Amino acid sequence: MVYEVVKLIPVGKVTSYGAIANFLGTKGSARMVGWAMNAAHNLHNVPAHRVVNRNGLLTGKNHFEDPDRMQEMLSKEGVIVKEDQIQDLTKYFWDPAKELEL
DNA sequence: AGCATGACGAACA
DNA sequence: GTGTTCGCCATGC
């Protein structure tokens with residue numbers, strides 16, 4: 001489920017573990033989403049770099065093969081990242097439970 | 001079964 | 001805005 005949602009994240013946007021958890025119904029269990037991502041990040045079809053924590057911090061960059069690439073990819077997709085932190089997070093934030101409900 | 005840990009989040013001081 | 005604590009629940013020892 002997690003993978004499916006993450007794959008739906010539009011380019012240039014990001015979401016949070018909590019948002020995904022909420023969308024999946026496992027709200028409150030954001031850690032489970034992160035845990036799922038840990039197993040998913042290896043799958044090339046899952047843009048885990050677009051998933052950050054609530055603070056817009058690239059907490060999971062450390063788990064990528066190349067941490068620096070996460071920020072690079074985001075920047076390349078139009079998301080401004082500074083010091084491992086997304087700038088104007090609210091502007092790039094994409095909540096599946098909200099966007100997909102439309 | 002119990003204890004510690006983790007890509008998190010929210011509440012509280 | 002920052003630091004701490006608790007809840008969450010799957011995993012590993």
Side-chain angles (χ1 to χ4, degrees):
Chain A
M1 293 295 279
V2 178
Y3 314 140
E4 298 304 312
V5 179
V6 176
K7 285 191 289 187
L8 293 175
I9 301 174
V11 177
K13 295 265 190 164
V14 297
T15 190
S16 71
Y17 303 91
I20 295 173
N22 182 44
F23 175 71
L24 294 177
T26 60
K27 39 187 186 346
S29 302
R31 309 183 111 170
M32 297 302 89
V33 178
W35 166 76
M37 293 309 297
N38 185 280
H41 87 6
N42 247 4
L43 305 175
H44 195 258
N45 55 328
V46 181
H49 59 273
R50 294 188 195 141
V51 186
V52 296
N53 71 349
R54 196 55 169 143
N55 299 306
L57 194 63
L58 280 51
T59 50
K61 70 178 236 103
N62 207 357
H63 295 265
F64 283 77
E65 295 180 28
D66 187 349
D68 295 321
R69 204 160 98 187
M70 183 175 184
Q71 184 175 319
E72 193 177 316
M73 290 173 78
L74 285 171
S75 300
K76 193 175 183 181
E77 294 181 357
V79 180
I80 309 303
V81 182
K82 196 78 170 185
E83 298 295 302
D84 300 340
Q85 192 176 240
I86 295 177
Q87 307 298 301
D88 299 311
L89 178 61
T90 56
K91 181 180 175 185
Y92 299 111
F93 193 74
W94 181 82
D95 187 343
K98 192 174 183 179
E99 303 296 325
L100 298 179
E101 257 342 275
L102 301 177

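Order of the sequence lines sets the chain letters (A, B, ...), proteins ahead of strands, with each chain counted from 1. This is a predicted model, so every value here is computed, not measured.
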Legend entry - Sequence neighbours excluded - salt bridge (Lys or Arg N to Asp or Glu O under 4.0 Å) pairs with any residue from residues 33-59 of chain A: Arg50(A)-Glu77(A)
Inset, instruction - Report yes if the side chains of Val46(A) and Val2(A) come closer than 4.5 Å at any heavy-atom pair, otherwise no. - result: no
Legend entry - dT2(C) to dA7(B) separation - C1' atoms, rounded to the nearest Å: 22 Å
Inset, instruction - Provide the distance between the two P atoms, one in dC12(B) and one in dC8(C), to the nearest whole Å. - result: 15 Å
Give the table of side-chain donor-acceptor pairs shorter than 3.5 Å for residues 84-93 of chain A, with sequence neighbours excluded, one pair per line with atom names and distance.
unit_1, atom_1, unit_2, atom_2, d
Gln87(A), NE2, Gln85(A), O, 3.1
Tyr92(A), OH, Gly78(A), O, 3.4

Inset, instruction - Provide the closest heavy-atom pair for Thr59(A) versus Asn53(A) in the form atom of the first, atom of the second, distance. - result: CG2-ND2, 3.4 Å
Inset, instruction - Could you identify which residues of residues 62-99 of chain A place a heavy atom less than 4.0 Å from some atom of DNA chain B, listed by residue number, or say none? - result: His63(A), Phe64(A)
Legend entry - side chain to side chain donor-acceptor pair (under 3.5 Å) involving Glu83(A) - partner list, sequence neighbours excluded: none
Inset, instruction - Would you mind reading off the distance between Asn38(A) atom CG and dC9(C) atom P, rounded to a whole angstrom? - result: 19 Å
Legend entry - Letter per nucleotide, 5' to 3', of nucleotides 8-13 of chain B [B base touched, S only sugar-phosphate touched, - untouched; heavy atoms, 4.0 Å]: BSS---
Inset, instruction - Not counting sequence neighbours, list each pair that qualifies as a side chain to side chain donor-acceptor pair (under 3.5 Å) and has a residue in residues 65-74 of chain A. - result: none
Legend entry - Shortest non-hydrogen contact from Gly60(A) toward Phe64(A): O-CD1, 3.2 Å
Legend entry - Nearest heavy-atom neighbours spanning Val52(A) and Gly56(A): CG2-CA, 3.8 Å
Inset, instruction - Name every residue in residues 42-50 of chain A that has at least one heavy atom under 4.0 Å from any atom of DNA chain B, in order of residue number, or write none if there are no such residues. - result: Ala48(A)
Inset, instruction - Quick one: do Val51(A) and Val14(A) satisfy side chain to side chain contact (heavy atoms under 4.5 Å, CB included)? Show the steps, please. - result: CA-CA 6 Å; Val51(A) 186; Val14(A) 297; over 6 Å; no
Inset, instruction - Please collect all salt bridge (Lys or Arg N to Asp or Glu O under 4.0 Å) contacts where either partner lies in residues 12-21 of chain A, sequence neighbours excluded, each pair once. - result: none
Give me the distances for all protein-to-nucleotides 10-13 of chain C N/O pairs that come in under 3.5 Å?
none

Sequence neighbours excluded and cut-off under 3.5 Å, please list the side-chain donor-acceptor pairs for residues 25-44 of chain A, or say none.
unit_1, atom_1, unit_2, atom_2, d
Thr26(A), OG1, Ala21(A), O, 3.3
His41(A), NE2, His63(A), O, 2.9

Legend entry - Residues forming a side chain to side chain contact (heavy atoms under 4.5 Å, CB included) with Phe23(A), sequence neighbours excluded: Val5(A), Pro96(A), Ala97(A), Leu100(A)
Inset, instruction - Identify, with sequence neighbours excluded, every residue that meets side chain to side chain donor-acceptor pair (under 3.5 Å) alongside Lys76(A). - result: none
